[in-house]
There are 2 protein chains.
Amino acid sequence: MSDRVTITEVGLRDGLQNQPVPVATADKLRLAGLLLDAGLTSLEVTSFVSPKAVPQLADAEALLAGLPARAGVDYMALVPNMRGYERGTAAGARAVALVLSATETLNRRNINMSLDQARAVCREVIGRAKAEGVFVRAYVAAACACPYEGQTPLARVVALTEEMVAAGADQVAIADTIGAGNPAQIRDIVTALAGGVGTDRLALHLHDTRGLALAMAWAGLEAGIRRFDAAFGGLGGCPFAPGAAGNLATEDLVFMLSEAGIETGIDWRRLFDAVALAETLLDRPLGGRMAAWWRQAQAKEAQAKEAARQEMPA
Amino acid sequence: MSDRVTITEVGLRDGLQNQPVPVATADKLRLAGLLLDAGLTSLEVTSFVSPKAVPQLADAEALLAGLPARAGVDYMALVPNMRGYERGTAAGARAVALVLSATETLNRRNINMSLDQARAVCREVIGRAKAEGVFVRAYVAAACACPYEGQTPLARVVALTEEMVAAGADQVAIADTIGAGNPAQIRDIVTALAGGVGTDRLALHLHDTRGLALAMAWAGLEAGIRRFDAAFGGLGGCPFAPGAAGNLATEDLVFMLSEAGIETGIDWRRLFDAVALAETLLDRPLGGRMAAWWRQAQAKEAQAKEAARQEMPA
């Protein structure tokens, strides 16, 4: 498998939106800089949601204005509805993401709309974005399971994905929002979609709540997915979904792909610079499933170097 | 995928052989009882290795004698050589496992033999076991990488596996002894073997050193593997291989398979009884990648029950 995989770093949005410690705009920009240095070229950086609902992302305009323009780098902003779209594009966003929860209850609880109303809002914003030349992604959220309704029917996920593509979405992210999926389910969803809308427009957005994210990513990859979301340090969790824990850690995913010979353009070792800064900013330990091994390996290497230095003649 | 998967629980051998805290025979028997209660039917319980080299397993005879005879339950004992085979079978072992490291250096460092010598010893013991009606498994160790030689050539793994099968081995366990493999490598090894010796005789023995074990297990499953080794609580690590960390946790593997609709006959919730006892015995926290989520879920459930109890009329 020599294909290339693209990773959208969602830590600045999905990762920070739920943190109890606020992060200043200047610090978010430092994090973004380190993520770019590690080789990321696609970042979902914020959400134009109500500052009252998500104060952590109240600086959306300032953040977007402060990000460095770089060739080949795309910044995406989440927009909850048409008002968010207008705020986002007025602030300069050239790529937006919409969230369509796959179940009736999650839509009602999160945005006080029925599934049908939410679908209509998404179609409307997608149409506007297409008309204005703005790149638009749709999340199909709770694609594996809903915290209120249990397992999400596969046919629903396929139908909503096809509807968003038909409405003009450039990309659809199949999102296991609460990390309740498993590799067989991911394989089945992707396989079902591959025969219809194809895998080119798809991304897979996974959470590692139950330790299965890397196995799900591998299952998705084998089924044809070549674009994944991930959050550095395994930051994340949905503030509205009970039971949600961290996103799939970017360093875990890049490491697994790199070991498997699959190119991402990202250096997982350098991702730890962003993880280290986030640990300082958020005042808690971060890191995915390979962080403990890597830190131990680094400590051993440092010890060996120090021993060699002490043995050198003065 | 509705196939059935068989898991060999190796915690009592691969898990305990490297622990700094000794575990009494009676406590090992209590652990074995809990593992049987959880539904395990295949256990590698000890090694007839020199008690000086591995004092943790010096009670091999007493342990084997103390295990309950149950219909459909197989106990396996590791035997390093013909002397170990004779000790093991004299103690009543009806299933033995041999270790053949796939690289020259690992054989020299571990058992002071060349690879050719080690192969000859394995063939000889396998021949004797077959003649005496003893079930015999061969491990092809360091099948992904060797701590001294780096990545192990695929052709070597295939050749050694075929040689052990030709010699009469009932089963060959492809072992990523130091947890240095990746899902693509596992897929490639299993696919290469599937076309020759087939997958029926194969087992996959994984370590979770770098967080990739579940993804490797999934890749092996998709390539046709239906038998895995695992250790409850993620216990483990090879005492001779630098960098080795815990085995793939049995509860992680059973959980992933169960969620994916694949039957193992094992209840992952009940495995936590054995994990809890091992934590007491070894005086340290244990558990694989889903343990934190499960413990949190249980705590929430207990809180909810307590709240409901307090609201009930007296």
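Reminder, nothing fancy here: chain letters follow the sequence lines and each chain counts from 1. Keep in mind the model is a prediction, meaning the values are calculated, not measured.
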Any side-chain heavy atom of B:Arg289 within less than 4.5 Å of one from A:Arg210? no
Contact check, side chains of A:Leu214 and B:Leu212, non-hydrogen atoms, under 4.5 Å: yes
Counting only N and O atoms by type, is there a donor-acceptor contact under 3.5 Å from the side chain of B:Asn182 to the main-chain atoms of A:Glu259? yes
Between A:Ala219 and B:Trp218, which heavy-atom pair has the shortest distance, and what is it? CB-NE1, 3.6 Å
Using side-chain hydrogen bond (donor to acceptor under 3.5 Å, both in side chains) as the criterion, list what pairs up with B:Thr105, not counting sequence neighbours. B:Glu149
Just so I understand: if I count every heavy-atom pair under 4.5 Å between each of A:Pro183, A:Ala184, A:Ala213, A:Gly211 and chain B, which residue has the most? A:Pro183
Those residues at least two apart in sequence (or on a different chain) that pass side-chain hydrogen bond (donor to acceptor under 3.5 Å, both in side chains) with A:Arg295 are A:Glu279
